[in-house]
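Just dropping this structure here.
None of the values given here were measured: they were computed from a predicted structure. Proteins come first, then strands; the chains are lettered A, B, ... in the order of their sequence lines, and each starts at number 1.
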Amino acid sequence: MSETYQPHEIEVKWQRKWEATELYRSKVDWDKPKHYALTMLPYPSGDLHIGHWFAMTPSDARARWMRMRGYNVLFPMGFDAFGLPAEQAAISRNIHPWKWTYANIERMREQLRSMGAMFDWEREAISCTPEYYKWSEWFFKRFYEKDVAYRGSALVNWSESLQTVLANEQVIDGKDERTGQPVVQKMMEQWFFAITKYADELLDFEGMDWPESIKIMQTNWIGRSEGARATFHTAESARGGAISQNAENARGGATSQNAKSAYGRAGGSPSTEIGQHPIEIYTTRPDTLWGATFMVLAPEHDLVAKITTDEQRAAVEHYIDEIAAETEIERMMEHREKTGVFTGAYAINPVNDERVPIWIADYVMITYGTGAIMAVPAHDQRDFEFARAHDLPIRVVIQPEDMTEPLTEERMTEAYDGPGIMVNSDAMDGSVSSWQKGRKNPAINRVIDWLEATGKGEESVNYRLRDWLISRQRYWGGPIPMMYAGDQIIPVPDEDLPVELPEDVDFLPTGRSPLTYHEPFFKVDETLRRETDTLDTFMCSSWYQLRYLSPDCDAAPFDAEEAAYWLPVDVYTGGAEHAVMHLLYTRFFTKVLRDIGVYDDAAAAMRRHGRDPDGAFDEPMTVLRNQGQVLGGERQGHFVLCSGRVAGERMLAERVEVVDWNQVPAGFEGYFGEIAHRTENVLHLNMAGVTQFVEVQPDAEIVIPHISGENNVNQLQHHLDIQRMSKSKGNVVNPDELVAKYGADAVRCYLMFNFDWQKGGPWNENNIKGPQGWLHDIWEIVAAGAPSAAGDPSVERDIVRKLHQTIAVINRGLEEFSFNTAIAEQMKFKNALKAALRAGSIGAEVWRDVMSQVIRLLAPFAPHLAEEIWLRLGWEYSVHTQPWPEYDADLAREEMVDLVVMVNGKPRETIAVAVDIDQERAQEMALASGAAQRSLSGKAPKRTIFIPGRNGSDPKVNIVV
RNA sequence: GAGGAAGUGGCGGAAUUGGCAGACGCGCAUGACUUAGGAUCAUGUCUCUUCGAGGUGAGGGUUCGAGUCCCUCCUUCCUCACCA
């Protein structure tokens, strides 16, 4: 073996051999412990991105490690193949979505193969195949039977540009998260999944090893809040008498006068043309009910049309039209004024029979709570702003205890939402309201009890989470297996599943789904019409981990025997961007399947094999880890003004100030420009393509306005910032080119070595030299062959010791997804081995033993290289089925360690001592050391503390003087 | 506005439970070999007033001992956002 390391020659060869020998086929084997490692499946966009490599290859390394440790590992791959891009390609380029998608899948399969990952391709699942979506449809029907799927009318997010509705989770900042196009609200009949039924169970993360941040995001998304509901009733019509006058004056906007005078105890007056409509409100602060001085309904609220008086109708309708014309973005603009109009109607506050005006305003959301609020301006900031903007009364009902003067309307500049004593609240006066929420707050607790006793209201829990809207007005998705006969909904019989997507459709630029004008599809017979909406792709990806178990199974969505062995997923890896979408949906899906009995056969099979199914189907994935994002490498440096003396080619700067681009003062005489590069204290300034050199003097003044305190030259940023990769920025990295240039193993190792995997970071191709050099050195060491001379036993012993220390670090690194430290430790060991070999201190026997372990340690990271050199050393195929090197603590233990002598906690000196040194002897030696003698100068130490060396770390003695 | 994560050399990043800060790599410097070097090899590389000190965004605290824990502030990133 004399040739040099040529990755391209060995990588494809081994990929073929692994496939031919079915090395990665995962089969149920109850005699071995199972490990289901799953990484998020890609959307077949056409090209594998470096982000896919970053997510998948470390996951692969970990799966391989588990396999070598004796687990039966399942590590499948597939495609989330429904979705809009395919349809857009069809419209813009006249390619059928099938064709486009399958061509992309073909291509991406090859790219995925080039990773050298241990994917079991026999288990591949593709969500857009009829074999797959048959079961998505089947699940839909089961959900429908159990009232988890229902058809309802709701205000939905409508994307005009995509001509479809979107789930709440797909709307970011009022825009479609994919295209960035604005989204409007629209009332539509749609299919929903009742995810809110599971809200409380989804808040329970017991026993789940998921990142805290994901749990928090899901918790916030579900948004459980505790409070009360109360029912207000509209008062009689505002006609005749003093009240009528108020309403008439209110035309064209209520003035201070009439709004305030409208506030008062309700008279017992009669007849109404409005009628007594109940208006239910939800509040987290029932203790402030007595402070309600008006009500606000969302403009979309059902009652608005019924209660608006004739006098106010024009103003109200005008306002509603204005709101409807606004997009969600405009509606979410920050710091906007509190707008709204008076409806002319009044409501009676049930707690004190007060008559309060009813307004509509867009700060009340129809989608949250009941779409109506009681407004308590004294204790809610939004209500306060609204009251001040429209001259509505404010009444303090919670009096803070620690104020010198009592809180009054006149003195308030903002709402008070802190603790205090209830006042102006009739029988509830004196109750203590704390910072606590819900029943834990004594005042709230007391008011809820009273509301329930008097029948005026009740305790209530509210969620931010809304039911999952799954209808999409698109072609390229799983058909919803439902039919309509007039108003009647008729499910497609199971034996007719799947409802297949017709292929002979026309993609017309109407914006409408081709299914809606494909008569053979939607017209079942003269009376039956098929649903033309399709399933949200998130439904397909909610259960793909189950389809991998048996992708060819045609009797059930998955094979019960396979499920009994493999479920649940042990480790799931992927991006955190799915925190409140996919990751919440798949949890919900799993719980529904459990409740409707889909797992019953699998549970029975588990019992037959002696495994307890209890809890096995509550959650889809036991452990979740999110990788960070690989970012591009372009950026801007600080723009600086430098003043000082010019000496030859460079300026010796006494002052450097960071400024904005346009802030060069007139007549400035120094150097200025963007810092293009910096080496130590030398800045390379770029201004309009001209480079100037500035040497920052040691005592120079550095001014960086946004960083407080004394600044130094190291804080100056040069041109190498980080941005997301995107085609428009032209900083996208193509994995195929990298593989061609460096080989798959080097790319894998670079991705694992140069980033904190869970954090991600900037791309810097230069750094690939590190892992590349490491792999090269390993090759060279093997190529050089076993040394012929005898080794030095003490050096050999030391190498074996270091090897075992390395094993421990790799194990910990892989366990904790700290791939960079696992590789760093191997590089370190390689360096030590190389030095020992160069010194001729290793004999043939130890060399072979060490190499056997080194190659196995390398195998999860650089599978091709490891396989090649394993073969070349004459060992049995395959290195990937070899046992993982066993860590031996005795072999790893050092004989001599450094005793660290510390003075007041600062290390001052080290003394070589035996590893098992006792406290007494260590303190004695430390006190006798030069450092201790100098610091003590004859005096006795106040204290000495001995810190024994744990797990091979050095012992320490801290001397306090 | 609410919630979360994080700030460590020129750069990517290390540092079990509080216990020698800067592992490992890139870059850089010097040297060797070279017609050549953006190749390879060797050595060095936190700072300073260098027989000693100081140093992990700023300031304070707890501790024998703090990158790590607590408080205040600054900066960056992420998520949600008029949520009643």
By ring-ring contact (aromatic ring centres under 6.0 Å, His included) - contacts of Phe753(A) (at least two apart)
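Partners of Phe753(A) by the ring-ring contact (aromatic ring centres under 6.0 Å, His included) criterion come out as none, since no residue qualifies.
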Salt bridge (charged side-chain N to carboxylate O under 4.0 Å, His left out): pairs with one or both residues in residues 211-221 of chain A, sequence neighbours excluded
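Salt bridge (charged side-chain N to carboxylate O under 4.0 Å, His left out) check on residues 211-221 of chain A returns Glu212(A)-Lys215(A).
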Is G22(B) syn or anti, taking syn as a glycosidic angle within 90° of 0?
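Judged by the O4'-C1' to base torsion, G22(B) sits in anti, the angle falling more than 90° away from 0.
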With a 4.0 Å limit, can you tell me whether Arg382(A) has a side-chain N or O closer than that to the phosphate oxygens OP1/OP2 of A81(B)?
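For A81(B), OP1/OP2 do not have a side-chain N/O of Arg382(A) under 4.0 Å.
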Distance check needed: C77(B) P versus Phe755(A) CZ, whole Å only.
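Spelled out: CZ on Phe755(A) to P on C77(B) is 19 Å.
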Give me the distance, rounded to whole Å, that separates U8(B) from U49(B) when you measure between the C1' atoms they each carry.
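The same atom, C1', in both gives a distance of 26 Å.
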Between Ile448(A) and Glu458(A), is any pair of side-chain heavy atoms under 4.5 Å apart?
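SC-SC contact between Ile448(A) and Glu458(A) ruled out.
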State which of C41(B), A84(B), G12(B) makes the closest approach to the side chain of Ile373(A).
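It is A84(B).
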Among G19(B), G4(B), A14(B), the nucleotide that comes nearest once only the side chain of Lys956(A) is considered:
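Per side-chain heavy atoms of Lys956(A), the pick is G19(B).
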For a quick test of reading the model: is some side-chain N or O of Tyr368(A) closer than 4.0 Å to OP1 or OP2 of A84(B)?
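It does, given that an N or O in the side chain of Tyr368(A) lies less than 4.0 Å from OP1 or OP2 of A84(B).
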Selection from A14(B), A84(B), C41(B) that lies nearest to any side-chain heavy atom of Arg838(A):
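Comparing A14(B), A84(B), C41(B) against the side chain of Arg838(A), the answer is C41(B).
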C69(B) and A53(B), which share atom name P, separated by this distance in whole Å
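29 Å, rounded to whole Å.
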Determine the interatomic distance between P on G3(B) and the same-named atom on C11(B); round to the nearest Å.
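My reading of the P atoms in G3(B) and C11(B) gives 33 Å.
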Name every donor-acceptor pair, under 3.5 Å, that has one atom in a side chain of residues 771-778 of chain A and the other anywhere in the protein, sequence neighbours excluded.
unit_1    : atom_1 : unit_2    : atom_2 : d
Asp777(A) : OD2    : Lys830(A) : NZ     : 2.8
Asp777(A) : OD2    : Lys834(A) : NZ     : 3.1

Proximity to the side chain of Asp756(A) - top-ranked nucleotide from A81(B), A14(B), C82(B):
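Taking heavy atoms from C-beta onward, the closest nucleotide is A14(B).
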What integer distance in Å separates Asn220(A):CG from A81(B):C1'?
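About 11 Å, once rounded to whole Å.
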N/O contacts under 3.5 Å, protein versus nucleotides 61-68 of chain B?
unit_1 : atom_1 : unit_2    : atom_2 : d
C64(B) : OP1    : Arg943(A) : NH1    : 3.2
C64(B) : O2'    : Asn958(A) : ND2    : 3.3
C64(B) : O2     : Asn958(A) : ND2    : 2.6

So which protein nitrogen or oxygen atoms get under 3.5 Å of nucleotides 24-26 of chain B's nitrogens or oxygens?
unit_1 : atom_1 : unit_2    : atom_2 : d
G25(B) : OP1    : Asn831(A) : ND2    : 2.9
C26(B) : O4'    : Asn767(A) : OD1    : 3.2
C26(B) : O2'    : Asn767(A) : OD1    : 2.8

Say we look at C33(B) and G52(B): how far apart would their P atoms be, to the nearest angstrom?
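Rounded to whole Å, the distance is 38 Å.
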Asp777(A) has an atom CG; how far is it from atom P of U40(B), in whole Å?
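Interatomic distance, CG of Asp777(A) to P of U40(B): 10 Å.
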Gap in Å between the two C1' atoms, one belonging to U43(B) and one to U62(B), rounded:
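The answer is 44 Å between these two C1' atoms.
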Here's a test of your reading of the structure: between Ala372(A) and Pro907(A), which maps to the more 5' nucleotide of RNA chain B?
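Nearer the 5' end of the strand: Pro907(A).
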Any residue meeting side-chain hydrogen bond (donor to acceptor under 3.5 Å, both in side chains) with Thr196(A), in chain and number order, not counting sequence neighbours:
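In terms of side-chain hydrogen bond (donor to acceptor under 3.5 Å, both in side chains), with neighbours along the sequence ignored, Thr196(A) is linked to Asp467(A).
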Distance (rounded to the nearest 0.5 Å) between Ile810(A) CD1 and Phe861(A) CZ:
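That separation rounds to 6.0 Å.
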Would you kindly give the OH-to-C1' distance between Tyr363(A) and C83(B), to the nearest whole Å?
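For the pair Tyr363(A) OH and C83(B) C1', the rounded distance is 13 Å.
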What salt bridge (charged side-chain N to carboxylate O under 4.0 Å, His left out) pairs are there with at least one residue in residues 281-290 of chain A, not counting sequence neighbours?
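As it turns out, the salt bridge (charged side-chain N to carboxylate O under 4.0 Å, His left out) pairs with a partner in residues 281-290 of chain A, which skip direct neighbours, are Arg285(A)-Asp287(A).
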Asn820(A) side chain: which of A84(B), A14(B), G4(B) is closest?
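Taking heavy atoms from C-beta onward, the closest nucleotide is A14(B).
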Which value, in whole Å, describes the distance between the P atoms of nucleotides G67(B) and G59(B)?
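Straight-line distance between the two P atoms is 14 Å.
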List in chain and number order the residues that pass ring-ring contact (aromatic ring centres under 6.0 Å, His included) with Phe817(A), two or more places apart in sequence or in another chain; answer none if no residue qualifies.
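Applying ring-ring contact (aromatic ring centres under 6.0 Å, His included) to Phe817(A) gives Trp757(A).
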What's Ile216(A) touching, base or sugar-phosphate or nothing? Going by heavy atoms closer than 4.0 Å.
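The answer is sugar-phosphate, as Ile216(A) gets under 4.0 Å only of primed atoms, P, OP1 or OP2.
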Qualifying residues under ring-ring contact (aromatic ring centres under 6.0 Å, His included), relative to Tyr5(A), sequence neighbours excluded:
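For Tyr5(A), the residues satisfying ring-ring contact (aromatic ring centres under 6.0 Å, His included) (neighbours in sequence not counted) are Trp779(A).
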How far, in whole Å, is U47(B) from A81(B) if one measures between their C1' atoms?
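Pairwise C1' distance, A81(B) against U47(B), rounds to 45 Å.
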Salt bridge (charged side-chain N to carboxylate O under 4.0 Å, His left out) contacts touching residues 218-231 of chain A (sequence neighbours left out)
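Those involving residues 218-231 of chain A are Asp200(A)-Arg224(A), Arg224(A)-Glu226(A), Arg229(A)-Glu280(A).
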Whole-Å gap separating P (C83(B)) and CG (Asp362(A)):
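In whole Å, C83(B) P and Asp362(A) CG are 13 Å from each other.
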Indicate yes or no: at least one non-hydrogen side-chain atom of Thr293(A) is less than 4.5 angstrom from one of Pro377(A).
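Yes, close enough: below the 4.5 Å cut-off.
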Are Arg934(A) and G52(B) close enough that a side-chain N or O sits under 4.0 Å from OP1 or OP2?
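Yes, because at least one side-chain N or O of Arg934(A) sits under 4.0 Å from OP1 or OP2 of G52(B).
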Annotated structure of RNA chain B as dot-bracket, pair cut-off 3.5 Å, Watson-Crick or G-U only, | for inter-strand, is (((((((..(((......[....)))((((((.......))))))(((...)))..(((((..]....))))))))))))....
What pairs with His804(A) under ring-ring contact (aromatic ring centres under 6.0 Å, His included), at least two apart in sequence or on another chain?
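His804(A) satisfies ring-ring contact (aromatic ring centres under 6.0 Å, His included) with no residue once adjacent residues are dropped.
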Check the side chains of Ser225(A) and Tyr463(A) for a donor-acceptor pair under 3.5 angstrom, ignoring hydrogens and angles.
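There is no such pair between these side chains.
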Does Gly575(A) reach a base, just sugar-phosphate, or nothing at all? Heavy atoms under 4.0 Å.
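The residue Gly575(A) makes no contact with any strand.
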Could you tell me how far apart Phe205(A) (CZ) and G4(B) (P) are, to the nearest whole angstrom?
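In whole Å, G4(B) P and Phe205(A) CZ are 15 Å from each other.
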Between atom CD in Glu816(A) and atom C1' in A14(B), what is the gap in whole Å?
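Rounded to the whole Å, the gap is 13 Å.
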Would one find a side-chain N or O of Arg229(A) under 4.0 angstrom from OP1 or OP2 of A84(B)?
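Looking at the OP1 and OP2 atoms of A84(B), neither is under 4.0 Å from any side-chain N or O of Arg229(A).
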Between A84(B) (C1') and Phe232(A) (CZ): distance, integer Å
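Spelled out: CZ on Phe232(A) to C1' on A84(B) is 12 Å.
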Just one of Arg748(A), Lys769(A), Glu765(A) clears the side-chain hydrogen bond (donor to acceptor under 3.5 Å, both in side chains) bar with Tyr742(A), so which one?
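Result: among Arg748(A), Lys769(A), Glu765(A), Glu765(A) is the only option passing the side-chain hydrogen bond (donor to acceptor under 3.5 Å, both in side chains) with Tyr742(A).
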Suppose you measure atom P in A23(B) against the same atom in U45(B); what distance do you get, rounded to whole Å?
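Those two atoms are separated by 10 Å.
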For Arg812(A), answer base if it contacts any base atom (sugar-phosphate contacts may also be present), sugar-phosphate if it contacts only those atoms, and nothing otherwise; contact means non-hydrogen atoms under 4.0 Å.
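Result for Arg812(A) = base.
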